[in-house]
Amino acid sequence: MQFTDQLPHRSLTVLAQDPSVSRGGRALTDTVTVPNEALSPGPKGHRIHVIDYDSSTDTHIAPLADGLDDDPFRDVSDIDALVGNPHFHAQNVYALTSATLLRFEEGLGRRMNWGFPSGAHQIKIAPHAFREANAFYTRQDEALLFGYFPSRRKTVFTCLSHDVVVHEATHAILDGLRREYTRPSSADQAAFHEAFADIVALLSAFRMENVVRFALVRGHRRDQRIIKEESIELDALRQSALAGLAEEFGSELTGVRGDALRRSAELKEGVDYLSQPEFQEVHRRGEVLVAAVMNTFLKVWTRRLEALNPVGAGKYDLDRVIEEGVTAAAHLLRIVIRAIDYTPPIDLTFGDFASALLTADREAAPDDRKYRYRKILQDTFAGYFIRPASSNGAGPGFWHAPRKDMTYGYSGYAEMRWDREAVFRFIWENRGALELNDDAFTYVASVRPVTRMGPDNFILRETVVECVQLVDVEARELAQLGVEKPGEMPDSMPVRLQGGVTLVFDDYGRLKYDIGTNVTGGNQSGRLKSLWQNGEFSREIGSERRFARMHRERAMKYSSYWQEQW
Amino acid sequence: MPGKPDRLTLKTYQVGFGDCFLLTFHYGETAKHILIDFGSTRYPRGAPRGYLKKVATQIKKDCGEDLLAVIATHRHRDHIRGFEGNSKNNGPGDLIEQCNPDVVIQPWTEDPDAPRNASGPSMGSREDVQSFVQSLDGMNLFARSVLPEVRHLFTPASAAAAAQLAFIGENNIKNKNAIRKLIEMGGNGRGHYVFHGGKSGLEGKLAGVKVHVLGPPTLRQSDEIRRQAHRNEEEYWHFQDAFWRFQAHAVRETGRRGSPLFPDAPLAGDLIGTRWFRTRLKTARAETLLKIVRILDDAMNNTSLILLFEIGDTAVLFPGDAQIENWMFALGKPKYQKLLKKVRLYKVGHHGSLNATPKSLWDLFEKRGGRGDPERLKTVLSTLGGVHGSSDRNTEVPRRTLVKALKRESDHMSTEDIPVAEMGRTIELDLS
């Protein structure tokens with residue numbers, strides 16, 4: 001059979017949240033869209049290989065050998081039947097990871113690659129990797145590892161939590177997009193990986209009709225068709241969709257999943273959380289960004305609802321309300337994903353992300369008059385004291401066009417779409433205009449051509465390039481580079497300064513944006529201070545899996561007095 | 001008997017990776033002996049069978065079968081294993097018991113009645129104390145659960161991590177026999193379970209010597225420190241407790257259920273296509289488990305007693321295995337800073353690990369410095385290299401940068417230089 005004989009996508013059954021979110025023994029399931037591919041047992045596809053090996057018990061469960069082209073769990077809603085079947089667990093992680101990857105590819109308009117040094121194309125997923133309340137992405141093992149643990153007469157499987165699976169898959173995808181984001185840097189960058197993974201997980205959940213319905217009508221009749229006006233006002237939605245839904249989640253998973261949904265309801269606009277000491281800790285800091293995005297989502301949703309006609313006095317059609325919520329989540333998720341292309345390659349701040357979001361939205365949908373998404377986004381972010389990095393928060397917040405004229409013509413447009421050497425030639429010839437450091441080790445980390453479709457069906461073609469700069473010095477040399485040495489840092493301590501620029505070229509090969517951080521600029525002082533205060537210079541050298549540690553620390557709130565160590 | 005000691009001696013027994021010290025205050029012809037810790041997790045090279053019993057026999061002889069006090073700084077095996085008794089009443093712990101200690105001193109966390117006694121203003125609520133003590137048991141339980149898992153985690157890539165895991169895991173298993181013996185020895189009012197700023201149990205028993213308890217802090221004291229370090233942070237112990245109680249529950253539940261996760265699921269054989277990943281996953285598991293076990297090891301170390309003996313202008317410091325979180329409370333107080341400046345003899349914390357001699361503590365010692373000063377700081381290190389930590393990761397024990405500083409700025413003695421046949425070595429401090 002030719003591939004062209006098949007539909008490009010198919011649907012697979014997953015748990016819409018986790019097994020704790022069920023009613024009368026019936027699971028809250030949904031279907032997700034995944035690429036239609038010829039699977040091997042595992043399932044093993046062209047991007048994902050599920051291997052059900054348990055390192056705690058040295059047990060390897062044989063994968064399902066038949067029916068791989070089908071969805072064997074399509075008609076199963078008995079929660080015990082799903083939880084008790086390891087092959088459903090395998091399908092759940094395969095489908096959710098595959099759907100998340102597809103969402104990124106559709107959003108960014110190109111194929112994604114994993115960030116593995118080996119160049120491997122298939123990520124390995126172990127749905128029952130170990131007996132521990134943890135789940136994490138590990139670059140060095142090219143894997144997503146999900147733990148399980150006993151709790152109150154049952155076993156809790158992290159691989160069955162929609163949020164946990166999508167969160168970990170997003171870590172892996174983001175690592176492929178911005179490899180440098182896992183490097184220790186500013187407090188914002190450290191918090192960003194977690195926050196971004198939470199945002200993608202939560203918005204993905206709200207893209208599922210069954211989850212939105214559950215959030216709105218939980219405790220009410222299953223066949224409810226009408227919703228009251230007061231239930232769809234902003235505060236009511238905040239209560240039902242954020243706090244209320246968080247309440248339904250199994251508390252056993254809080255240590256693994258975090259509590260971003262609940263925090264999004266708790267953290268109010270108008271408070272400068274980010275300057276408070278408590279919010280210097282990465283997880284707490286990340287919650288502020290999640291709250292900004294989730295509250296933007298609620299406002300966009302309510303904005304869309306304003307256009308709905310009531311079906312009676314103060315009453316609305318529930319299906320339409322749900323549909324608007326799903327649409328708002330889908331739109332915002334697409335923008336959040338696209339924004340990554342407009343972020344600097346290294347040393348990201350929340351302000352950079354705000355500018356990236358606004359730019360991504362404008363590029364994809366230039367006409368914002370109907371719902372005014374961008375105004376809502378900018379105002380809500382300002383409520384959390386996150387201001388676009390462009391123009392210090394003033395104006396519309398988009399990234400600017402390059403301030404200086406560039407020299408073109410050394411490399412052709414076609415090769416600039418894919419060839420790192422051709423792009424480097426452009427960078428080299430324009431290093432002055434781009435304000436790059438001549439002495440730094442400079443390399444092009446990626447060249448990615450993109451083709452995107454806006455909501456108004458306009459096709460947008462761009463090329464996104466990551467250029468990274470590194471300078472290795474001793475602490476005593478920082479002053480001559482205009483960088484402030486953290487107070488107690490020994491003069492002889494080796495320090496790596498890192499900066500770089502994301503270059504976005506338009507359909508004609510002209511530079512539209514140069515978004516970045518100078519490798520020896522003044523902002524390096526703040527970055528070094530943050531690294532020094534967080535003990536990153538003294539962290540144990542070795543192969544500690546970063547996300548394993550971060551997630552464990554979230555569960556334990558563990559910290560240490562590294563300054564006192566030998 | 002004179003009103004103050006004219007000299008003190010410290011005999012350091014060669015126990016490999018562990019601690020065992022006999023501190024003796026000499027009042028003319030009269031001597032008062034205090035045994036500080038007696039344990040080992042790895043015997044020195046060449047140690048014969050039944051080595052700890054031989055050490056106990058030597059201690060018995062050295063103290064003339066008369067101990068004023070036994071101090072067990074914390075429950076790690078490398079500090080208390082020597083207190084194990086046996087049914088014939090001739091185990092090493094039995095021999096120590098036969099020296100009839102007047103006082104047995106342990107940290108408050110070892111008090112079998114800790115929750116009931118948690119009534120002082122500084123201790124913390126009864127529920128918190130109970131919860132914390134349970135979390136220590138949870139740690140022991142978790143450590144024990146790790147060991148069977150370690151057996152199949154050995155791969156060429158994970159061998160180092162797995163070996164460390166086995167070593168630290170073993171050290172953190174609850175040593176019930178020794179704990180029972182210490183409780184027995186402390187019966188009839190002889191047991192004292194002490195905390196920062198409280199009484200030591202040696203009041204009135206050592207003329208001219210004041211014994212200060214610098215650690216461990218109580219839960220309430222610890223929270224105070226955490227709040228200073230991380231304003232507004234919710235209570236540190238509570239998170240720790242919850243985590244370890246959770247782990248303990250998981251271990252118990254797993255043991256109770258016993259059956260495989262999916263009893264009816266067909267198992268795969270050694271699938272070639274998954275072999276690479278299975279090996280990687282084993283390594284990942286060994287390394288992440290090691291991180292957790294290290295955290296519990298540190299937490300247990302932080303229940304350690306820190307005792308300072310003040311004799312006029314001289315101070316002698318025994319911090320057990322206390323790490324910085326334990327130390328912070330004392331180090332923040334001017335009263336103790338002043339006392340610590342006087343230290344002339346320092347038992348190096350936690351076998352010389354990187355985080356048990358806080359740099360701010362080391363900087364306080366005024367007697368450290370160049371050779372030639374008759375009152376120059378003396379440091380004693382009981383350790384065994386190559387069994388704990390890794391030099392590749394700058395976590396080796398003893399930490400080479402610390403040892404370098406000890407050698408440069410103090411008269412330093414390490415048990416690594418004591419042959420097994422010698423069994424122990426004594427240093428002396430003139431107090432006259």
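In the text below, chain A, chain B and the rest are named by the order of the sequence lines, each starting its count at 1.
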Q | Residue pair B/Lys282, A/Tyr53: steps toward the side-chain contact (heavy atoms from CB on, under 4.5 Å) verdict | A | CA-CA 10 Å; B/Lys282 285 181 183 184; A/Tyr53 174 69; 3.0 Å; yes
Q) Only one of A/Leu145, A/Ile51, A/Asp141 clears side chain to side chain contact (heavy atoms under 4.5 Å, CB included) with B/Leu281; which? A) A/Leu145
Q: Please name the pair of heavy atoms, one in A/Ser55 and one in B/His152, separated by the smallest distance, quoted to 0.1 Å.
A: O-NE2, 2.6 Å
Q. Has A/Asp491 got more than 12 heavy atoms of other residues, nucleotides or ligands less than 6.0 Å from its CG?
A. yes
Q) Would you call B/Arg278 and A/Asp58 a side-chain contact if the rule is heavy atoms closer than 4.5 Å? A) no
**Q.** Spacing of A/His49 atom NE2 and B/Phe277 atom CZ [to the nearest 0.5 Å]
**A.** 9.0 Å
Q | Side-chain heavy-atom pair B/Leu261, A/Phe157 within 4.5 angstrom cut-off | A | yes
Q.
Are the side chains of A/Glu132 and B/Ile292 in contact, using a 4.5 Å heavy-atom criterion?
A. yes
Q.
For the CZ atom of A/Phe130 and the CD atom of B/Glu149, what is their distance to the nearest 0.5 Å?
A. 10.0 Å
Q. Which answer fits B/Leu290, side chain, backbone, both or neither, if we ask what part of it has an atom under 4.5 Å from a heavy atom of chain A?
A. neither
**Q.** Portion of A/Val50 that has a non-hydrogen atom of chain B nearer than 4.5 angstrom
**A.** neither
Q.
Ignoring hydrogens, what is the shortest heavy-atom contact between A/His60 and B/Gly269? Give both atom names and the distance.
A. ND1-O, 3.9 Å
Q) Passes ring-ring contact (aromatic ring centres under 6.0 Å, His included), B/Phe262 versus A/His128? Steps please. A) CA-CA 11 Å; B/Phe262 302 102; A/His128 313 106; 5.1 Å; yes
Q | Heavy-atom proximity to chain A below 4.5 Å, by part of B/Trp327 | A | neither
Q | Side chain, backbone, both or neither of B/Leu267 within contact of chain A (heavy atoms, under 4.5 Å) | A | both
Q) Is A/Lys268 atom NZ crowded by more than 12 heavy atoms from other residues, nucleotides or ligands, each under 6.0 Å away? A) yes
Q | Side chain, backbone, both or neither of A/Thr59 within contact of chain B (heavy atoms, under 4.5 Å) | A | side chain
Q) Between A/Glu142 and B/Arg280, is the closest basic N to carboxylate O distance under 4.0 Å? A) no
